[in-house]
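Please read these numbers as outputs of a predicted model, since none were measured by experiment.
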Amino acid sequence: MKKIDLHSHTLISDGTLTPNDLVERAKAKGVEMLAITDHDTVDAYEQLSPASYDGLKIIPGVELSTQWRGVGVHVVGLNLSLDSASIKEGVAQQEKARADRAQIIAKRLTKLVGPIDFNRVSEIANHSQIGRPHFAQHLVELGVVKNTSTAFKKYLGDGKPGDVKQCWAELPNIIDWIVKAGGVAVLAHPLKYKMTWTKRSALLDDFIAAGGRGMEVVSGQQTKQETDRLARLCVEKGLLASCGSDFHQSSQWSDIGAMSAFPTVCKPIWLDW
């Protein structure tokens with residue numbers, strides 16, 4: 001089977017590689033189809049040099065943030081038109097939401113740990129979109145925590161003061177932007193959400209009702225039991241199956257193209273591309 005990675009990030013959001021460096025790393029790892037899915041932005045594609053693809057098929061994508069019943073969830077849009085008015089509108093709205101969210105996070109952290117240097121956080125984010133990982137790194141620099149994992153555990157993770165969800169557009173709006181851009185909406189990394197399987201199934205029902213058509217059955221390295229259970233859920237819901245490393249940096253989670261085996265019982269989302 002071809003090595004396909006439909007979920008990855010560059011330094012335009014919260015990854016560490018430039019778009020072109022990510023492409024080069026993907027080729028070096030044997031990836032044949034790649035989607036760059038930065039958080040709430042498609043700016044990475046403006047920096048790509050088509051001449052560097054060299055046999056690597058690039059699928060335009062984005063990862064959009066939203067919430068469902070108070071839980072932050074992510075939706076990946078794949079094979080969409082980057083010139084679409086709907087995706088431009090959606091990204092602009094999400095970028096404003098992300099900027100507003102960053103200010104709220106900074107204020108909350110200041111109350112808890114003392115002054116936050118917002119300019120420094122922006123520097124860490126390469127003066128691009130600011131996310132929680134950038135605040136986590138700043139907390140390490142300030143000596144508030146020993147590492148970014150502790151920063152998330154104490155201040156920035158799900159349910160913590162720095163977990164701000166209310167800024168995002170609603171799930172149906174997110175999916176509508178993707179569909180109107182000619183893309184396919186995919187529920188990202190279903191196992192990362194802290195919810196029961198019953199609630200996860202209900203999330204997928206609402207996702208499908210809003211126009212979602214796919215789900216990630218493989219997200220980085222996971223156990224065969226996890227993959228099998230997601231595969232059964234995918235088939236049960238009649239969804240297309242996607243996979244991705246959720247690559248951010250080589251030492252975090254998994255490398256580009258490094259994923260558990262794709263389940264053969266599922267219909268791959270990329271068959272018609």
Item checked: Test log, rule side chain to side chain contact (heavy atoms under 4.5 Å, CB included), inputs R108 and Y155 -> CA-CA 9 Å; R108 289 186 179 183; Y155 302 108; over 6 Å; no
Check: Are R232 and D228 close enough, and set up right, to give a salt bridge (charged side-chain N to carboxylate O under 4.0 Å, His left out), and what steps lead you there?
Finding: CA-CA 6 Å; R232 288 195 297 271; D228 289 346; 5.3 Å; no
Could you measure the distance from the [atom1] atom of [X] to the [atom2] atom of [Y]? Nearest 0.5 Å is fine.
{"X": "S245", "Y": "L6", "atom1": "OG", "atom2": "CG", "result": "9.5 Å"}
{"X": "S13", "Y": "Q129", "atom1": "OG", "atom2": "CD", "result": "7.5 Å"}
{"X": "D14", "Y": "N126", "atom1": "CG", "atom2": "CG", "result": "12.5 Å"}
{"X": "I174", "Y": "H74", "atom1": "CD1", "atom2": "NE2", "result": "9.5 Å"}

Contact check, side chains of [X] and [Y], non-hydrogen atoms, under 4.5 Å:
{"X": "M33", "Y": "W273", "value": "yes"}
{"X": "K88", "Y": "W177", "value": "no"}
{"X": "V186", "Y": "V75", "value": "no"}
{"X": "Q94", "Y": "V62", "value": "no"}
{"X": "L156", "Y": "L109", "value": "yes"}
{"X": "S81", "Y": "I87", "value": "no"}
{"X": "I116", "Y": "V121", "value": "yes"}
{"X": "I36", "Y": "I58", "value": "no"}

Between [X] and [Y]: side-chain donor-acceptor atoms closer than 3.5 Å:
{"X": "T196", "Y": "T198", "value": "no"}
{"X": "T10", "Y": "D38", "value": "yes"}
{"X": "S65", "Y": "D40", "value": "yes"}

Margin query: Do L240 and V235 sit in one hydrophobic cluster, given that two such residues count as connected whenever their side-chain heavy atoms are within less than 4.5 Å of each other, even indirectly?
Written below: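 As far as the 4.5 Å side-chain criterion goes, V235 and L240 are not connected within one cluster.
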Look only at the side chain of [X] and the backbone of [Y], and say whether a donor-acceptor pair between them is shorter than 3.5 Å.
{"X": "E226", "Y": "T223", "answer": "yes"}
{"X": "Q222", "Y": "V217", "answer": "yes"}
{"X": "R213", "Y": "A185", "answer": "no"}
{"X": "D163", "Y": "G159", "answer": "yes"}
{"X": "D246", "Y": "S8", "answer": "no"}
{"X": "Y193", "Y": "L203", "answer": "no"}

Restricting to non-hydrogen atoms, name the atom on [X] and the atom on [Y] that form the minimum distance, rounded to 0.1 Å.
{"X": "V31", "Y": "L34", "result": "CG1-CB, 4.2 Å"}
{"X": "G214", "Y": "L239", "result": "N-CD2, 3.7 Å"}
{"X": "I130", "Y": "S122", "result": "CD1-CA, 4.0 Å"}
{"X": "T66", "Y": "L171", "result": "OG1-N, 3.1 Å"}
{"X": "T227", "Y": "S260", "result": "OG1-CB, 4.3 Å"}
{"X": "V218", "Y": "P263", "result": "CG2-CD, 3.9 Å"}

Notebook entry, point to check: Does the pair R120 and E141 meet the rule for a salt bridge (charged side-chain N to carboxylate O under 4.0 Å, His left out), with working shown?
Noted result: CA-CA 10 Å; R120 176 55 189 152; E141 290 181 346; 2.6 Å; yes
Next item on the list: Run the salt-bridge test on K29 and D5 with the 4.0 Å N-O cut-off and return the result as yes or no.
Entry: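 Result for this pair is no, no salt bridge flagged.
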Check: Going by an N to O cut-off under 4.0 Å, is there a salt bridge joining R25 and D21?
Finding: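 So R25 does not pair with D21 through a salt bridge.
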Next item on the list: Check the pair H7 / E63 against side chain to side chain contact (heavy atoms under 4.5 Å, CB included), numbers first and verdict last.
Entry: CA-CA 8 Å; H7 190 152; E63 184 174 12; 2.9 Å; yes
Notebook entry, point to check: What orientation do H9 and H39 show, parallel under 30°, tilted 30 to 60°, or perpendicular over 60°?
Noted result: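 Ring orientation, 0 to 90° scale: parallel.
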Next item on the list: For side chain to side chain donor-acceptor pair (under 3.5 Å), just list the numbers for H138 and D117, CA-CA rounded to whole Å, side-chain angles, deciding distance to a tenth of an Å, and then say yes or no.
Entry: CA-CA 8 Å; H138 184 49; D117 186 343; 5.6 Å; no
Item checked: Verdict with reasoning, E216 to L187, per side chain to side chain contact (heavy atoms under 4.5 Å, CB included) -> CA-CA 6 Å; E216 288 182 355; L187 182 68; over 6 Å; no
Check: Taking it one step at a time, do L233 and E236 satisfy side chain to side chain contact (heavy atoms under 4.5 Å, CB included)?
Finding: CA-CA 5 Å; L233 188 58; E236 173 191 326; 4.2 Å; yes
Note to self: Within the supplied structure, the quantity of interest is the number of heavy atoms (other residues, nucleotides, ligands) at a distance under 6.0 Å from K27 NZ; does it exceed 12?
What the structure shows: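 Yes.
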Margin query: With a 6.0 Å cut-off (strictly less than), is the heavy-atom count around NZ of K237, excluding the residue itself, greater than 12?
Written below: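 Atom NZ in K237 is crowded, with more than 12 foreign heavy atoms closer than 6.0 Å.
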